[in-house]
Amino acid sequence: MPELPEVENARQVVERALDREIASIDDTDEFVCRPHGPGEIDHALKGGRLTVAHRRGKTMWCDTVTADGDEGPHLGIHLGMGGRIFVTGPSGDAESLYAGGDPHVGGMPKKAGERPDKPEWDRFRMTFADGGELRLFDKRRLGRVRLEPDLDALGPDAAEITRDEFRARVGKGTAPLKARLLDQSVLSGVGNLLADETLWEARMSPSRPAGELTVAELDALRTTLRKATRSAIKKGGVHTGEVIPHRAKDETCPRCGAPMERGTVGGRTTWWCSAEQAE
DNA sequence: AACAATGTTCAGTC
DNA sequence: GGACTGAACATTGT
């Protein structure tokens, strides 16, 4: 679930947790909260508040202030392969918001907004003095929470990258085009489904060497990527893409009817239209 | 049982 | 050193 669009939606949910006093934190999952020891994040943030929620690619982080009003550490949150963010209002307020994404994935309850009935899949919890909480719900446990996340290895955000940056960063090398789009140091935020959706919309072969694209093709690809990304944010996740339901055996291209083809590109399962995206 | 799952990272190769 | 590939990571569902 969590690619750029889901993380942007999650970031907006995290904004509901800003400016509320942090009463306590459960950071005892040592895999998710590594390299911190149990209690370390709790100690660093207890009594303070989150003040701003940022995002670059699939990484989120919050600015914080301490109880005294001084600048606090940054709190990084990554949803990994299947994490979701839940934020509840002050106690008595029944509202529970969570980041979008495919409702059929990740052990989610049937009704949107309902709390998942698997507390053991909560990997991190921040409880506020007003009785509400922020939780990272992550069945697969590949999400991460840490202080002072390192953003240096991330390329420009896929939703913000300029035309010239895109031309220079994506349009080079011998790696398959899809592998290039998935490389978070080239540009950040594109995941497996958004890559398949974008390449399908652009009618480009995922396995074509990235360096072979013309400038016109690169510009068109960037335009398509922005459109697919904006659409996914608006509709609630990358699973709302047009070709996504057709990433399956015996499926056909929703545009031309040709069989969908499956293979591995950039180390990930890849589906493409056998006619329109032929090499 | 073996495999795949919307992600990242590290070891290994050229 | 850079570019690139594939396995490993933790866990669950099919």
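Reminder, nothing fancy here: chain letters follow the sequence lines and each chain counts from 1. Note that the structure is a prediction, hence the values are computed from the model and not measured.
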A.B. asks: Any luck finding a side-chain donor-acceptor pair between A:Asp26 and A:Thr28 under 3.5 Å?
C.D. replies: yes

A.B. asks: Does A:His78 have a side-chain nitrogen or oxygen under 4.0 Å from the phosphate oxygens OP1 or OP2 of B:dT8?
C.D. replies: yes

A.B. asks: Once you apply a heavy-atom cut-off of 4.0 Å, does A:Arg262 come out as touching a base, just sugar-phosphate, or nothing?
C.D. replies: sugar-phosphate

A.B. asks: Can you tell me how far P of B:dA5 sits from CG of A:Asp138, to the nearest Å?
C.D. replies: 18 Å

A.B. asks: Within 45 degrees of the ring normal and closer than 6.0 Å to the centroid, is that where the cationic atom of A:Arg34 sits relative to A:Phe31?
C.D. replies: yes

A.B. asks: Choosing from B:dT8, C:dA10, C:dC4, which nucleotide comes nearest the side chain of A:Gln184?
C.D. replies: B:dT8

A.B. asks: Tell which nucleotide pairs with C:dA3, taking only Watson-Crick or G-U wobble pairs whose two distances are both under 3.5 angstrom.
C.D. replies: B:dT13

A.B. asks: Base, sugar-phosphate or nothing for A:Gly267? Non-hydrogen atoms, less than 4.0 Å.
C.D. replies: nothing

A.B. asks: Of the nucleotides C:dC9, B:dT8, C:dA3, which has the atom closest to the A:Lys172 side chain?
C.D. replies: C:dA3

A.B. asks: What integer distance in Å separates A:Leu154:CG from B:dT9:C1'?
C.D. replies: 13 Å

A.B. asks: Please work out if A:Pro5 contacts a base, only the sugar-phosphate, or nothing of the nucleic acid, heavy-atom cut-off 4.0 Å.
C.D. replies: nothing

A.B. asks: Return no unless some side-chain N or O of A:Arg140 is found under 4.0 Å from OP1 or OP2 of B:dG7.
C.D. replies: no

A.B. asks: Would you indicate, yes or no, if C:dA3 has its OP1 or OP2 atom less than 4.0 angstrom from a side-chain nitrogen or oxygen of A:Arg180?
C.D. replies: no

A.B. asks: Starting from P on C:dT11, measure out to CG on A:Asp122 and report it in whole angstrom.
C.D. replies: 15 Å

A.B. asks: By nearest atom, which of the nucleotides B:dG7, B:dA4, B:dT8 is closest to the A:Glu3 side chain?
C.D. replies: B:dG7

A.B. asks: Could you please name the option among C:dG13, C:dA10, C:dC4 that lies closest to any side-chain atom of A:Trp121?
C.D. replies: C:dG13

A.B. asks: Quick check: do A:Glu30 and A:Pro38 have side-chain heavy atoms less than 4.5 Å from each other?
C.D. replies: yes

A.B. asks: Atom CG of A:Leu182 to atom P of B:dA5: distance rounded to whole Å?
C.D. replies: 13 Å

A.B. asks: For A:Arg141 and C:dC9, give me the distance from atom CZ to atom P, rounded to whole Å.
C.D. replies: 14 Å

A.B. asks: Take atom CG of A:Asp29 and atom P of C:dC9, then tell me their distance rounded to the nearest Å.
C.D. replies: 17 Å

A.B. asks: Is the NZ or CZ atom of A:Arg203 positioned over A:Trp272's six-membered ring, under 6.0 angstrom from the centre and within 45° of the axis?
C.D. replies: no

A.B. asks: Would a hydrophobic clustering, with Ile, Leu, Val, Met, Phe, Trp and Tyr connected at side-chain separations under 4.5 Å, put A:Trp61 with A:Ile85?
C.D. replies: no

A.B. asks: Suppose you measure atom P in C:dT12 against the same atom in B:dT9; what distance do you get, rounded to whole Å?
C.D. replies: 23 Å

A.B. asks: Does a nitrogen or oxygen in the side chain of A:Thr269 sit under 4.0 Å from OP1 or OP2 of B:dA5?
C.D. replies: yes

A.B. asks: Closer than 4.0 Å, any side-chain N/O of A:Lys139 to the OP1 or OP2 of C:dT11?
C.D. replies: no

